[in-house]
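These notes are about the structure you will find just below.
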Number of protein chains: 2
Amino acid sequence: MRKKQPTQADVAKLAGVSQSTVSIILNPQGKDHLLISDETRERVQAAIQELSYVINPAARTLAGGQNRLIGVCINGSAFPLDQHGFYHPYLVGIEEACIGHDYDMLLFTRSDGGEGARSIYRNGLNHLRIADGSILLGLENKEELARLMKEEYPFVFIGKREVPEGAISYVAADYYTGTKAVLMKMLGMGHRQTAFFYRLYNDATKDRERGYLAALANRTDPGLLHVKRQLTDKEITPAYCREVLDAGVTAILVEEPVMAHAFIEAARLIGRTSPADFSIVALSDNDLAYLPPAILHELVMLKIPKLAMGAAAVQILDQMIAQRHKPQEPVQITIPVTFSEGSTIGPHFVRREI
Amino acid sequence: MRKKQPTQADVAKLAGVSQSTVSIILNPQGKDHLLISDETRERVQAAIQELSYVINPAARTLAGGQNRLIGVCINGSAFPLDQHGFYHPYLVGIEEACIGHDYDMLLFTRSDGGEGARSIYRNGLNHLRIADGSILLGLENKEELARLMKEEYPFVFIGKREVPEGAISYVAADYYTGTKAVLMKMLGMGHRQTAFFYRLYNDATKDRERGYLAALANRTDPGLLHVKRQLTDKEITPAYCREVLDAGVTAILVEEPVMAHAFIEAARLIGRTSPADFSIVALSDNDLAYLPPAILHELVMLKIPKLAMGAAAVQILDQMIAQRHKPQEPVQITIPVTFSEGSTIGPHFVRREI
DNA sequence: CTGAAAGCGCTTACAG
DNA sequence: CTGAAAGCGCTTACAG
C-alpha cells in the first residue's frame with residue numbers, strides 16, 4: 001500500500017504558516033514572493049527538508065492549467081528497429097528544443113492503429129489534447145487535420161500541408177527556392193534540355209515543381225525540351241534512361257536519392273556517365289542508408305534541414321501555448337535548404353554534329 | 001481565442017446526465033460501470049464526440065485515476081544525433097510494448113540538467129509522477145533511486161541496480177549465467193589460464209564477475225592462473241598484451257567489444273592471433289558501430305536482449321500500475337542472454353616444451 | 001507580510 | 001440505474 005506523500009499543508013503545519021504561504025515560497029515567479037520574510041522562508045524550507053516534501057506535479061498542473069507536455073504524433077515508429085528512421089533527424093531537433101524550452105515529450109504510441117499507421121482520432125477521440133500542443137509528422141489524413149484545426153487545438157505540422165478548410169501551421173523546407181536555385185545553376189552551365197522526375201505527387205512535390213518551372217520561366221530559347229513526369233523506381237531502366245538521354249536531356253532532377261542512384265546505375269549499363277553525359281541532382285536527402293557510400297559522396301543532393309525544422313516546430317508551439325488565450329493566426333515557416341557538395345553536376349558543352 | 005477545453009461537466013450537460021455518470025463511463029474498470037444503461041452510454045459517447053472531449057490527465061492523476069502514460073527517463077538523449085544510440089534498442093522494445101499495452105510514452109526531456117545528464121529530482125521535484133509509472137535507463141544517482149523508492153512511485157530500472165535502502169524493481173540481462181556458460185565452454189576446450197578485464201566496476205560487472213568466479217569455482221587443477229583487473233582502453237597495448245599472453249593466459253573475457261577489438265589489434269602487432277594463440281570473448285554487444293565489420297563477424301559476443309528487456313519493463317510496470325492500491329513487492333527479472341557466432345574462441349592445445 | 005477560500009477537473013464512496 | 005458531494009494538492013486572486 002502506498003503511503004500518502006507529504007503535502008504543502010503538512011509543511012505549513014510544521015512551519016506554523018498557512019498552506020498558501022508555502023505555495024508562494026515555492027513559486028518565486030509569483031508577485032507575492034518578495035513579500036515573504038526571510039525568517040518565514042527559512043522556517044518553511046526547513047520544514048520541506050524535514051519532510052522531504054516534493055511538489056505534486058499533477059496538482060500544480062491542474063491548478064495552473066499547463067502540463068509542459070509537447071505531443072509528437074508520427075505516422076510510424078519513433079524508434080524503428082533498423083535505426084535508419086526517416087523521422088529520426090526531426091526527432092533529434094524536437095528533443096533538443098524540448099529540453100531548451102522545458103517541455104517533456106509525449107510520443108503518441110496509442111494512436112497506432114496497427115501496421116504503424118497512426119491516426120489522431122482513434123476511437124473518434126482526439127487524445128492529443130493531453131499535451132499542451134502537438135507536432136505532427138507525416139500524417140496523410142487531411143480530414144483529420146481539418147478537424148483538428150476546427151477544434152483550435154495548437155499543433156504544428158512538419159512538412160507542408162494544405163487543406164481546403166484553411167491554413168494550418170507548419171514548418172517546411174524551402175523546396176521551391178532550392179529547386180529553382182539548383183536548376184538555375186544548371187542552366188547557367190549550359191544545360192538546355194531538362195527533366196524533373198517525381199515519385200508521388202504530394203505537397204512537397206508541388207513546391208519542387210513550382211521551383212522547377214520558375215527557373216525555366218524566363219527561358220525562351222527555341223528547341224527547349226522539358227520532361228516532367230511521375231516515375232516509379234522500377235520504371236528507371238536502362239531502356240528508359242536511353243530514351244531520355246537520346247531525346248537530348250542533359251539535366252535531370254529527381255526527388256529522391258534512390259531515384260538518382262537507379263538512374264546512374266541504369267545509365268552506366270548503357271555506357272553513359274555523370275557528369276560527362278548528363279548532370280543529375282536529388283531534391284532530397286532521404287533514405288541515404290540505402291545508398292552505397294560511393295554514390296553518397298558523388299551525388300549532389302538537396303539537404304533538408306530536419307533538425308532545424310523539428311526545433312522550429314517546438315518553438316512555434318511554445319509561443320502558441322504561451323498565447324493560448326489570445327486569438328491566433330497560423331504560423332507557416334519555410335526553412336532554407338542547402339546542397340551537398342558532389343560531382344554529378346557539370347557544365348554541358350553542345351556537341352557539334354559533323 | 002482558444003476556448004476552454006471541454007470538461008466532463010460540459011459533456012454531462014450536453015448528454016443530460018450528471019458529471020459522475022460521464023466519469024463512470026470513462027472508467028470501465030470501476031465497479032459501477034456495468035450499471036449504466038446502453039442508451040445512456042451512447043448518449044454520453046455522442047456528446048464526447050460532439051465536443052471532442054478528452055480527459056485531463058492532471059486532474060485524473062490528482063483524483064487517483066490513471067493516465068495510460070508510461071514515463072521514460074534516460075540518462076542521455078533518446079534521439080542522439082549519430083543514430084547509434086546506446087539506448088535505442090531498449091526504446092524500440094519499450095515503444096512496441098507501449099503500443100501493445102495501450103500506453104503513450106512520455107520522454108522526460110525536462111529532467112535534462114545540461115550535458116545530457118538527467119536527474120529525477122531537478123528542482124527537488126519528482127515530476128515523474130505525471131506518468132502512471134516510469135522506466136529508468138542508466139541513471140547513476142543511487143540517492144535519487146532510494147528516494148523514489150521511499151515515495152513508492154512505480155518504476156522499473158533497466159539494468160541491475162542495487163541500493164542499500166532496499167530492493168528496487170529491475171529488468172536485467174543474465175550476465176551471471178552468460179558469463180559462467182561461456183567460460184565453462186572455454187574451460188571445456190582446454191583453457192586453463194584465464195583473464196577477465198572490465199572497464200568500470202558497476203552492478204553489471206559484479207554479475208559478470210560472479211559468473212566468472214562460479215565457472216572457476218570447481219577447478220582445482222594446480223598451476224591455474226586467473227587474472228582479473230580493471231583496464232582502460234589505453235592500457236590495452238601490445239606490451240601489456242604480450243605480458244598477459246606470456247604469463248600463459250589463453251582465455252580472455254572482456255566486458256566490451258571495443259576492448260576485444262583493441263586486444264586483438266594489439267596481439268596482431270606482436271604476432272599473436274585468435275583463436276590460434278588465444279581465445280577471446282566480449283561480454284556485451286555495446287557500441288558495435290565503432291567496430292570494423294570484420295571484427296563484428298569474428299568476435300564472439302554476449303548478446304544483450306535489449307528489445308526484450310524494454311518490453312519486459314513495460315509489462316512489469318503495467319502490472320504494478322494495475323495493482324497500485326495493493327502492497328507491492330519489487331519485481332526483479334533477469335533475461336537469458338545468448339552468444340553470437342564467431343571464430344575468436346577455439347580449443348587450447350597444451351604446447352609441449354622440448 | 002500572511003491567511004481563508006475558491007477553483008482547477010477529475011474519481012469514488014455514498015445516498016437514493 | 002443515476003446524482004450530489006467530498007476530496008485529490010495545488011495556484012491565485014482577495015481580504016486583511
Side-chain angles (χ1 to χ4, degrees), chain A residues 2-13 15-44 48 51 53-68 127 129-130 132 324-325, chain B residues 3-13 15-44 47-48 51 53-69 123-127 129-130 132 151 153 321 324-325:
Chain A
R2 283 164 72 184
K3 299 189 281 275
K4 209 168 80 49
Q5 291 291 122
T7 67
Q8 288 186 355
D10 299 325
V11 173
K13 203 189 306 174
V17 298
S18 79
Q19 182 253 315
S20 39
T21 301
V22 178
S23 174
I24 288 164
I25 289 171
L26 254 22
N27 291 280
Q29 66 280 14
K31 60 185 171 61
D32 289 338
H33 187 253
L34 297 175
L35 304 178
I36 305 285
S37 72
D38 282 355
E39 196 266 322
T40 305
R41 201 183 306 276
E42 276 162 28
R43 249 192 4 260
V44 169
I48 286 175
L51 299 174
Y53 166 79
V54 289
I55 211 160
N56 179 324
R60 169 179 260 181
T61 298
L62 185 56
Q66 275 185 47
N67 285 327
R68 299 306 295 176
H127 69 276
R129 288 211 121 109
I130 278 184
D132 297 329
R324 68 195 182 288
H325 300 301
Chain B
K3 303 184 275 267
K4 207 168 78 48
Q5 309 245 353
T7 67
Q8 286 187 358
D10 299 324
V11 172
K13 204 190 304 172
V17 298
S18 79
Q19 181 252 315
S20 40
T21 302
V22 177
S23 175
I24 288 164
I25 289 171
L26 255 23
N27 290 282
Q29 66 279 16
K31 60 185 172 61
D32 289 338
H33 187 254
L34 297 174
L35 304 178
I36 305 286
S37 72
D38 283 354
E39 196 265 323
T40 305
R41 200 185 307 275
E42 276 162 28
R43 252 196 356 264
V44 169
I48 286 174
L51 298 174
Y53 166 79
V54 56
I55 213 156
N56 178 322
R60 175 177 257 186
T61 300
L62 186 56
Q66 285 183 38
N67 286 328
R68 302 306 296 174
L69 242 47
N123 307 330
L125 189 150
N126 164 14
H127 69 278
R129 282 160 70 179
I130 194 83
D132 297 328
E151 288 183 23
Y153 175 78
I321 291 166
R324 69 196 182 289
H325 298 301

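Residue numbers begin at 1 in each chain, while the letters A, B, ... track the order of the sequences.
One can place CZ of B/Arg41 at 10 Å from P of D/dC1, the figure rounded to the nearest angstrom. If you measure from atom CD1 of B/Ile24 to atom P of C/dT11, you get 10 Å, rounded to the nearest angstrom. B/Asp38 places its CG atom 15 Å from the C1' atom of D/dT2, with the value rounded to the nearest Å. In this entry the distance linking CG of B/Asn56 with C1' of C/dC10 reads 7 Å, nearest Å. Look at CD on B/Gln19: it is 11 Å from P on D/dA4, rounded to the nearest Å. Rounded to whole Å, atom C1' of D/dG9 lies 12 Å from atom CG of A/Leu26. Rounded to whole Å, atom P of D/dT2 lies 20 Å from atom NZ of B/Lys13. The interatomic distance linking B/Leu62 (CG) with C/dG7 (P) rounds to 17 Å, in whole Å.
A close approach under 4.0 Å does not occur between any side-chain nitrogen or oxygen of B/Arg60 and OP1 or OP2 of C/dG9. At D/dT11, one or more side-chain N or O atoms of A/Gln8 fall inside 4.0 Å of OP1 or OP2 (strictly under the cut-off). Here B/Asn27 reaches the OP1 or OP2 of C/dT11: one of its side-chain N or O atoms lies under 4.0 Å away.
The distance from atom OG1 of A/Thr21 to atom CZ of A/Arg41, rounded to the nearest 0.5 Å, is 11.0 Å. Here CG of B/Leu62 is found 9.5 Å from CG of B/Asn56. Values are rounded to the nearest 0.5 Å. Here the OG atom belonging to A/Ser20 is positioned 10.0 Å from the CD1 atom belonging to A/Ile25, to the nearest 0.5 angstrom. Separating the CD1 atom in B/Ile48 from the CZ atom in B/Arg43 is a distance of 12.5 Å, to the nearest 0.5 Å.
In this structure, the nucleotide among C/dG9, D/dG3, C/dA5 sitting nearest to the side chain of A/Ser20 is C/dA5. Proximity note for B/Ser37 (side chain, C-beta onward) versus D/dA4, D/dT2, D/dG9: the nearest is D/dT2. Checking C/dC1, D/dC1, C/dG3 against every side-chain atom of A/Thr40, the shortest atom distance belongs to C/dC1. Taking every side-chain heavy atom of B/Ser23 into account, C/dT11 is the closest of C/dT11, D/dC10, C/dC10. The side chain of B/Ser18 lies closest to D/dG3 when the candidates are D/dG3, C/dT2, D/dT11. Among the nucleotides C/dT11, C/dC8, D/dT12, the one closest to any side-chain atom of A/Ala63 is C/dC8. Of the candidates D/dG9, C/dG9, C/dC1, the closest approach to any side-chain atom of B/Thr7 belongs to C/dG9.
Between A/Ala9 and B/Thr21, the residue anchored nearer the 5' end of DNA chain D, judged by the nucleotide with its closest heavy atom, is B/Thr21.
With a cut-off of 3.5 Å on both pairing distances, D/dA13 has no Watson-Crick or G-U wobble partner at all.
A heavy-atom distance below 4.5 Å is found between the side chains of B/Asp10 and B/Thr7.
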